[in-house]
Amino acid sequence: EELYFKARDMLCHPDTPDSQLSSIKITALETLRRILKFLIKDTSRLEQALDHCYLMARIYKAFEQNSSVHKTLAAMTVIQVHMRDLVAAEQTFLDSLGNSGYAHSKECEIAENFLNAAKSMDAVAMTSIQKSEEIQYLDRDVQQLASQFKLGSGRTSSATAKVQSTVSVS
């Protein structure tokens, strides 16, 4: 775990100003994706995954990779729903709408439907989303996380306030 974070910090420290993000080697993105995969697979690390998603969204934005930005913003909403922090998930979702093209993307639609099903405790809608073909628009690890989500079970978190106030990567 510690090596992942050392590698991330060597490639791009989270405190790197947005104006310097485009100078990162684009090949670093694959390492950053692997770190996210590692963090998502261990649900006890979802808060770290959320912070990492924020960094990734900023980097994708710097490289003008809108599709990847959209996938990452949707991932943040899915992670927060999985953490049972629906207030933060809704705020993240709403803040994300200001990002270029996100409001009209399939990823946004999936995040919105996933969030709404969780908020309304609608098991039929949740199952429908989890089994839909549209979920394929999310990264594989995020798809799996979303598919594992069960209404009415899990932990509660309110430690996502830091991320929810910084979601806009515009």
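Predicted model, so just to flag it, every value in this text is computed and none were measured.
The two residues A111 and Y102 come nearest to each other via the heavy atoms CB-OH, 3.6 Å. Contact between A49 and L36 at its shortest, heavy atoms only, is O-CD1, 3.8 Å. The heavy-atom pair separating L138 from Q143 by the smallest distance is O-NE2, 2.7 Å. Considering all non-hydrogen atoms of both residues, L115 and A89 come closest at CD1-CB, 3.8 Å. Between A118 and V81 the shortest heavy-atom distance is CB-CG1, 3.6 Å. Contact record, Y60 with T72: CE1-OG1, 3.2 Å, taken as the closest heavy-atom pair.
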Discussion item. One pair to check against side-chain contact (heavy atoms from CB on, under 4.5 Å): F38 and R45. What are the steps and the verdict?
Written reply: CA-CA 9 Å; F38 166 76; R45 298 185 190 283; 3.9 Å; yes
Worksheet item: Does the pair I79 and T77 meet the rule for a side-chain contact (heavy atoms from CB on, under 4.5 Å), with working shown?
Response: CA-CA 5 Å; I79 289 168; T77 299; over 6 Å; no
Discussion item. Assess the residue pair L46 and L50 against the criterion (side-chain contact (heavy atoms from CB on, under 4.5 Å)); give the C-alpha distance rounded to whole Å, side-chain angles, the decisive distance to 0.1 Å, and a yes or no.
Written reply: CA-CA 6 Å; L46 290 180; L50 197 56; over 6 Å; no
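Between the NE2 atom in H70 and the NE2 atom in H104 there is a gap of 10.0 Å [rounded to 0.5 Å]. Taking CG of L29 as the reference point, atom SG of C12 lies at 9.5 Å (rounded to 0.5 Å). Rounded to the nearest 0.5 angstrom, D15 CG and L55 CG are separated by 9.5 Å. Rounding to the nearest 0.5 Å gives a distance of 7.5 Å between CE of M56 and CD1 of I59. Separation of atoms CD (E112) and OG (S96) is listed at 12.0 Å; rounding is to 0.5 Å. Separating the CD atom in Q20 from the CG atom in D18 is a distance of 10.0 Å, to the nearest 0.5 Å.
M121 and L86 end up in the same hydrophobic cluster when Ile, Leu, Val, Met, Phe, Trp and Tyr side chains are linked at under 4.5 Å. A single hydrophobic cluster is seen to contain both I24 and I26, as judged by linkage of ILVMFWY side chains at heavy-atom distances under 4.5 Å, directly or through other members. L3 is not connected to L11 by any chain of hydrophobic side-chain contacts under 4.5 Å among Ile, Leu, Val, Met, Phe, Trp and Tyr, and they are in different clusters.
Between the side chain of H52 and the backbone N or O of R33 there is no donor-acceptor pair closer than 3.5 Å. Side-chain atoms of Q144 never come within 3.5 Å of backbone atoms of I40 as a donor-acceptor pair (strictly under, hydrogens ignored). Side-chain atoms of Q130 come within 3.5 Å of backbone atoms of A146 as a donor-acceptor pair (strictly under, hydrogens ignored). Without hydrogens or angle criteria, R58 side chain to T16 main chain gives a donor-acceptor distance under 3.5 Å. Using a distance-only test at 3.5 Å, with no hydrogens or angles considered, a donor-acceptor pair links the side chain of T92 to the main chain of A88.
Using a 4.5 Å cut-off on side-chain heavy atoms (C-beta onward), T43 and H82 make contact. At least one side-chain heavy atom of R8 sits under 4.5 Å from a side-chain heavy atom of P14.
Across I110, N66, D139, a single residue satisfies side-chain contact (heavy atoms from CB on, under 4.5 Å) together with K71, and that is D139.
Counting heavy-atom neighbours within 6.0 Å of E30 CD, excluding the residue itself, gives a total above 12.
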